K.L.:
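Here's a structure for you.
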2 protein chains.
Amino acid sequence: MSAKKGKISREKWNNNFMDWFSDILLKAEIIDYRFNLKGCGVWLGYGFNLRKRVFQILRDLLDNTPIPHEETLFPLLIPEPLFMKEAEHVKGFEDEVYWVTRGGSKQLDINLCLRPTSETVMYPMFKLWIRSHQDLPIKVYQIVSTFRYETKTTRPLIRVRELTTFKEAHTVHATAKEAEDQVKEGLEIYSKFYDRLGIPYFINVRPDYDKFPGAEYSIAFETIFPGDHKTLQIGTVHNLGTIFAKTFDLTYEADNGEIKFVHQTCYGISERAIAAVVTQHGDDAGLCLPPEVAPIQAIIVPIIFKGKEKEILEQSKNLLDKMNSLGIRAKLDDSDISSGKKFYKWETKGVPIRIELGPKDIEKKQFIVVRRDTGERITLDFKEGAKKIPKILEEIQKDLHERAKILMENSIKETDDYDELYDLIEKRVGIVIVPLCDEYDCAEQIEKRTEGKIIGTPIKYVKEFSKEYSEKEFNFNCIVCARPTKKKMIIGRSY
Amino acid sequence: MSAKKGKISREKWNNNFMDWFSDILLKAEIIDYRFNLKGCGVWLGYGFNLRKRVFQILRDLLDNTPIPHEETLFPLLIPEPLFMKEAEHVKGFEDEVYWVTRGGSKQLDINLCLRPTSETVMYPMFKLWIRSHQDLPIKVYQIVSTFRYETKTTRPLIRVRELTTFKEAHTVHATAKEAEDQVKEGLEIYSKFYDRLGIPYFINVRPDYDKFPGAEYSIAFETIFPGDHKTLQIGTVHNLGTIFAKTFDLTYEADNGEIKFVHQTCYGISERAIAAVVTQHGDDAGLCLPPEVAPIQAIIVPIIFKGKEKEILEQSKNLLDKMNSLGIRAKLDDSDISSGKKFYKWETKGVPIRIELGPKDIEKKQFIVVRRDTGERITLDFKEGAKKIPKILEEIQKDLHERAKILMENSIKETDDYDELYDLIEKRVGIVIVPLCDEYDCAEQIEKRTEGKIIGTPIKYVKEFSKEYSEKEFNFNCIVCARPTKKKMIIGRSY
């Protein structure tokens, strides 16, 4: 095995990030937004395959917790009286739900909304299912389309009207302690999920005024787009306490005969996970998919020369069989276009490894592996080389993760100086962590003066969820009012 | 290995078929229709698992045709002008579509309907994708929810308002010949699918006045409910010819530069496939799932006796491990309820094999296998017995199929006597095949006089699709007007 260095460019990717992103989704055949309805896209074959693999990881994680989550499927249409039951919840969503008012040519007696999320569909059913503590816990999830009548600018996979891929998990417990433990399990599942995808993230507790409508508190996973340093929320975990239980009268009979309200949690991840995969690992030439979820892990491009066609094709097929039998998702491109066009096509689509096989290679009994992430060229022996490919795929997976982590860490800044905060946000160098008190006024002042938004409290500063929490050491002064505080907050621009 | 005969009862299943069916769906935890909206159900964990396995078979078949079908996902909402484009299609669906007319508190500029089927969503996209013959064929499918504002009585999994599981495949071809070949591939896929599920079916061409709105012709798969002998349509394959192509202006440039209309097909299967699985193989005690798709293939019930608890449980776990390592989906029920209750529970849920392990069995170094389909008890040796279970599961799969086939064949009658036809339909003994001419009047007369409906022409009498077709031999006289005809038609009651 011998290797040569390669080169990749990230200029366009860096400087025109949103253009690059919108562009590549169609070019790489992930999703086509040219359907005649704003914010609604068509998942193409290749994109659907990627989506399936990404969400299969999430399914596997949910199905295999000590008490498994059960995959289920609840109705899409919510009768108005049900949807309107939980006041806080309604306030959070009523401006953005779609209403079905007609069936055929008939006006409906009761209007139906398209689920923006499924609390008000699921919880009346939970009421039928729960009688005693023996019916608890309930842990279900579904992966469905949800709908939001967005009036803001829509963005591919990020802000859409039909959210085609919303994984929502909902759990019900006998005690507050169990619900809190469930929140921790939710955090763990999502951490594992994004680790598997090679996506860096930070976890924070949302400000109280920005939590999920109907939750006691909300915790969010965010990633940072490497190009423009904006944050993207890619997952949320909510402790609902007994708020919905009281609205939907969800009670159970405890061991001692007492009737008690249940405690609930819910947590969600959407197709933004795909947006994160696409944006974290690309470059100017297109996608660069983590081998773990790449629909095709290795593409074989035979370099056909006249007189050698048959031999080269035969050896290519040979290699394909070897790789498939090793469990590698390999494909041979023997189509009628030029090798150059093939390179371009599969680079755009982010296939992690390209294999070249030309007349010289046949002579030397070798083939060339080109890494999509680095451009590095590795020469492998024809007979034994295929066996080395799983290792190379693993390395690519690891390197992509490392590279993305470094980029993210570089765009997290920390300061306790108000002017520096202002400056950092202005110059769009990343997110900034600052000491802040709990007064809404202080938060508001920052949001008014900078383009940044209060994103949340890094989990490190939250006693219940942090291993690093320190009552003694965490003594700060609010960056705005200088009052003592135990907390820091993240300020940044976000999608 | 020694075996004892068992007994099963099919009285209720036979005589109160629809009651049995509605009942068992909830008891076996397949789907819960108690949601506060007519015709909308909740797939429970166990049912969802069954549904996943059934549709995975269909996915595998579609993904692995010589030119694979690509799984995709298209938007749910259809803008009114798009939906209204194809006149025949609109006529077929306009009375039963749901309309979204409001977003938040705002009236929408353009009303949106919930897809009843996706021709009008997909074909405008196809127009963007097709330029030359090199872009053909297109073969895509999606598995989605569709919506029908049913005004008739709804029935679980059979006639619903949210059809949660609609697999629709759509293909585009350069020539009429290729489209016809595609229809044949569709028929083949569906035949294999239902064979794998052990569901008997017959294939027929729908009468011209009852074809899919916008199709040149429609072919349907039907099964017969063994209890009440009504037919259920469980799949359709349509040749759309150039009808939609002309409406949506779908053209391609041929090799010689000529611009031509494309030829299209579409074919669908819904959650009625699950209704068929449930209804074909049950009995009075509940479901009897084909091992191929059963979420749990074997349930181990330890028969706990005092003093022996530890040993029995240990051996049960031992057996569970053995079975899992053989790839059997086995589960141990070590819950706190009585063995009798466990038997009842897992019989209801249709687990194909129950394994009993009590103190006597431990002594004799054996365990008992009870077949769900026949009640037969088989004693197996503890050490080597697990290896025989895959074979028993195969036998159950085969026997279920055979038994269902015989039941179906017994309820297909044939006559050329009008009074006998009337009698057979009246007595509800099954479907009846009769010679019939092409005059609508003759069909109408039958439908007026009997409770039966013209279902279609058995595929045997259709030249293009039949290996048995015989121009020479097929000479009949219409059962109504006595005119010569080459055709027979199926008359029956249907859901």
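Just so we're clear, the structure is a prediction, and the values are computed from it rather than from any experiment.
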K.L.:
Tell me, side chain or backbone of B:Ile110 under 4.5 Å from chain A's heavy atoms, or both, or neither?
P.N.:
neither

K.L.:
For chain B, find which of A:Pro75, A:Gly45, A:Cys113 contributes the most heavy-atom pairs closer than 4.5 angstrom.
P.N.:
A:Pro75

K.L.:
Which one, B:Val97, B:Leu73, B:Val42, leads in non-hydrogen pairs under 4.5 Å with chain A?
P.N.:
B:Leu73

K.L.:
At a 4.5 Å cut-off on heavy atoms, which part of B:Val121 comes close to chain A: side chain, backbone, both, or neither?
P.N.:
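For B:Val121, heavy atoms of backbone and side chain both lie under 4.5 Å from chain A.
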
K.L.:
My understanding is that only residues two or more places apart in sequence, or in another chain, count here; which of them pass side chain to side chain contact (heavy atoms under 4.5 Å, CB included) with A:Ala275?
P.N.:
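Residues passing side chain to side chain contact (heavy atoms under 4.5 Å, CB included) with A:Ala275: A:Phe21, A:Leu157, A:Ile158, A:Leu232.
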
K.L.:
Which atoms of B:Ile31 are under 4.5 Å from chain A, going by heavy atoms: the side chain, the backbone, both sets, or neither?
P.N.:
neither

K.L.:
Hey, what do you get for SG (A:Cys40) to CD1 (B:Ile78), rounding to the nearest 0.5 Å?
P.N.:
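With rounding to 0.5 Å, SG (A:Cys40) is 11.0 Å from CD1 (B:Ile78).
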
K.L.:
Do B:Val100 and A:Leu114 have side chains that get closer than 4.5 Å, going by heavy atoms?
P.N.:
yes

K.L.:
Any side-chain heavy atom of A:Leu76 within less than 4.5 Å of one from B:Leu76?
P.N.:
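They are in side-chain contact.
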
K.L.:
Are there any donor-acceptor pairs closer than 3.5 angstrom between chain A and chain B, and if so, which ones?
P.N.:
unit_1	atom_1	unit_2	atom_2	d
A:Asp32	OD2	B:Trp129	NE1	3.0
A:Trp43	N	B:Leu73	O	2.8
A:Trp43	O	B:Leu73	N	3.2
A:Leu73	N	B:Trp43	O	3.2
A:Leu73	O	B:Trp43	N	2.8
A:Leu76	N	B:Glu162	OE1	3.0
A:Val97	O	B:Gly104	N	2.7
A:Trp99	N	B:Arg102	O	2.8
A:Trp99	O	B:Thr101	N	3.1
A:Thr101	N	B:Trp99	O	3.1
A:Thr101	OG1	B:Thr101	OG1	2.6
A:Arg102	O	B:Trp99	N	2.8
A:Gly104	N	B:Val97	O	2.7
A:Trp129	NE1	B:Asp32	OD2	3.0
A:Glu162	OE1	B:Leu76	N	3.0

K.L.:
Hey, does B:Leu82 have a side-chain heavy atom less than 4.5 Å from the side chain of A:Phe35?
P.N.:
yes

K.L.:
What residues, two or more places apart in sequence or in another chain, satisfy side chain to side chain contact (heavy atoms under 4.5 Å, CB included) together with B:Pro68?
P.N.:
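Not a single residue meets the side chain to side chain contact (heavy atoms under 4.5 Å, CB included) criterion with B:Pro68.
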
K.L.:
Can you find a heavy atom in the side chain of A:Leu112 that is under 4.5 Å from one in the side chain of B:Leu37?
P.N.:
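A:Leu112 vs B:Leu37: side chains touch.
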
